[in-house]
Amino acid sequence: MFADHWMVFLILGLTLALFVWNRLRFDVVAMLALLAVALTGLIEADQLFAGFGHPAVITVAAVLVISQGLVNGGVVDAVARLLGKVGHNAVLQVITLTLVVALCSGFINNVGALALLMPVAIWMSRESGRSPSLLLMPLAFGSLLGGTITLIGTPPNIIIASYREAGSFGLFDFAPVGLAITAAGLAFIGLAGWRLTPKRDDPAGGEKLFSVGEYVTELKVPEGSAYAGSTLHNLLTSGDTDEGLVVLALIRDDETSPAPSTFSVLREGDVLLVEADTESLQAFIEHSGLVLATTVSDDNVDDDESQQAPGQPAKAAEDRVTTDDVRLTEAVIAPSSRLIGRSANRLNLRERYGLNIVAVARQGQRLKQRLADIRFRSGDILLVQGHEENLLSTLQALGCLPLAERGLTLGKQNKLWLATGLFVGAIVLIVSGWLAPPVALVACAVAMVLVRLIDASDAYRSIDWPVIVLLAAMIPVGQALETTGGAALIADQVLAIAEGQAAWVAVTIILVGTMLLSNVVNNAAAAILVAPIALGISAQLGLASDAVLMAVAVGASCAFLTPIGHQSNALVMEPGGYRFGDYWRLGLPLSMVVTVVGVPMILWVWG
């Protein structure tokens, strides 16, 4: 048993080091830990993969599917659109945004709630002429606070419920403590905390982030051109210089066709409306033999060359590359996007999806380099052009979130009440005790698929599989910590500090310790590792087990100090222009507020 103690400590130490190192995916690290406890004989072979069938894992997967179903039904979109009426007052914006994201996070995945409201916050910042940095960090922290309100708000709550000996916590058992710390946290953020966020200059100065006409030029297919009678695809792939050039429209006989198919056949006299930097444009003209027709400007300046397009009056560049069927949309790259680390050309988006990447902005500034040289990062804002009928589904498949400014609807408004009804029905079944949470939530997810709120393929895509694998792998690892006596050994060390002290000291140690751990490792992993230790402490000190489990749940959900502690923190890092060391400025006092309010509430309700 002694050797088993140290073996599990060694495995967990290496696992935590790999989590902090952050060079391997956290699900891969979790699987390595699972294999390590299996190969060292710390867990029986028949229990090795039991985590994949654990009720907590199934519940998390169901909640993720339901969250996407609610989005598709237009529930979140209906709420988000009301935020446009808030006005330009900074305090009112912060309070309203954090309150709405907290309420949404109580019932749908908190990362999903943040992802849907973050574009609204960016739009509100631009409309008010402020940097997004003032709103995005409060929004992220509001989503974390809101997740503490219900059982399904965040994975740590679901995990902790499974450790309760007297049966799983109910859906709203987390509410008394969760509502208290959420109310206190939001009050602090709204009244004073938002002023602690870093003041990043907004280069856009309240103006549009992208000026479509800034690099738009008209190129004409001259008489006798080698590409007359050839396809647009052949033209664009005929040399090495197309990588920095985007064809926005094809003009023929005074008719403009935005986002033309790459299989369109070119004719003499056709005009291509293209966007490119000067270097790429010059190289393209030299190798293709096309001739410069005119440059299109967003501003109607008194310059014939910039105003007059061949055969038609001047029009704003953005108007000329959009129609009722083709539109320009801004979208944010989410942390799970397949675009991250890759360029538009490697993904071949134009050929595969009919999607043009027109421009890219990072930390509030439009990137001036060639599109082919840009490797996308989480939080980058893209200006894309595509056909409206499949633009939203394409963005979702690529892991991008459309911004609210350009009016792309997130869901089908005619299914709003259907989505709401199914979800409320599941909640009623859980609260009434007729069905256990995993059963009711899985039933709701399946019903959403059957009524086509979400199709089966989208349901699978909506599940955050790395998180599922992490939970399923770490649950047996956490059990190994308990069965080998490792959890009891750590509990004994904590008892040396807490023994003879008031109950609040032990609860504070557990809450703060979990909170610190969750800032460097995934919060679900933190909950799995600390829960058995906390139960050991409660048994030896005579504390109510429910109280220490609640302390673990709150601590695991409140990772405010670093961008790596929670996906919500990472999601706002690039759009907000934050640095690693920025988070503690608001996060540290907010953590203190949560601790000061949370500990007495836990002891009052559960002690």
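Keep in mind it's a predicted model, so treat the numbers as computed, not measured. Every heavy atom of this structure was used, including side-chain atoms; hydrogens, water molecules and symmetry mates were not.
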Under 3.5 Å, is there a donor-acceptor pair between the side chain of [X] and the main chain of [Y]?
X: N569; Y: T562; result: yes
X: N523; Y: A559; result: no
X: D582; Y: R579; result: yes
X: N519; Y: M515; result: yes

In Å, rounded to the nearest 0.5 Å, how long is the span from [atom1] of [X] to [atom2] of [Y]?
X: L516; Y: L561; atom1: CG; atom2: CG; answer: 7.0 Å
X: L114; Y: L144; atom1: CG; atom2: CG; answer: 8.0 Å
X: H54; Y: L471; atom1: NE2; atom2: CG; answer: 9.5 Å
X: L416; Y: L453; atom1: CG; atom2: CG; answer: 10.0 Å
X: Q93; Y: T96; atom1: CD; atom2: OG1; answer: 8.0 Å
X: L18; Y: L24; atom1: CG; atom2: CG; answer: 6.0 Å

task = Go through F169 and W606 one step at a time and tell me if the ring pair (Phe, Tyr, Trp, His ring centres under 6.0 Å) criterion holds.
result = CA-CA 12 Å; F169 285 111; W606 299 102; 5.4 Å; yes
task = Would you mind telling me which of V101, T197, V572 makes a side chain to side chain contact (heavy atoms under 4.5 Å, CB included) with P138?
result = T197
key: Sole residue of L517, I528, N157, V530 in side chain to side chain contact (heavy atoms under 4.5 Å, CB included) with V552   = V530
request  = Return the minimal non-hydrogen interatomic distance between D464 and L64, and the atom names on each side.
outcome  = N-CD1, 3.3 Å
Which atom pairs, one a donor and one an acceptor, fall under 3.5 Å between side chains of residues 537-546 and the rest of the protein, sequence neighbours left out?
residue: S538; atom: OG; partner: L535; partner atom: O; Å: 2.8
residue: Q540; atom: NE2; partner: D492; partner atom: OD1; Å: 2.9
residue: D546; atom: OD1; partner: R164; partner atom: NE; Å: 3.0
residue: D546; atom: OD2; partner: R164; partner atom: NE; Å: 3.4
residue: D546; atom: OD2; partner: R164; partner atom: NH2; Å: 2.9

ask   = What residues form a ring pair (Phe, Tyr, Trp, His ring centres under 6.0 Å) with F19, not counting sequence neighbours?
value = none
request  = Can you label the angle between the F52 ring and the F49 ring as parallel, tilted or perpendicular, going by 30° and 60°?
outcome  = tilted
inquiry  = Once you measure the plane-to-plane angle for Y578 and Y583, does it fall in the parallel (<30°), tilted (30-60°) or perpendicular (>60°) bin?
reply    = perpendicular
task = Just jot down the salt bridge (charged side-chain N to carboxylate O under 4.0 Å, His left out) partners of R195, sequence neighbours excluded, or say none.
result = none
message = Testing the 3.5 Å rule here: is there a donor-acceptor pair between the side chains of S568 and S143?
response = yes
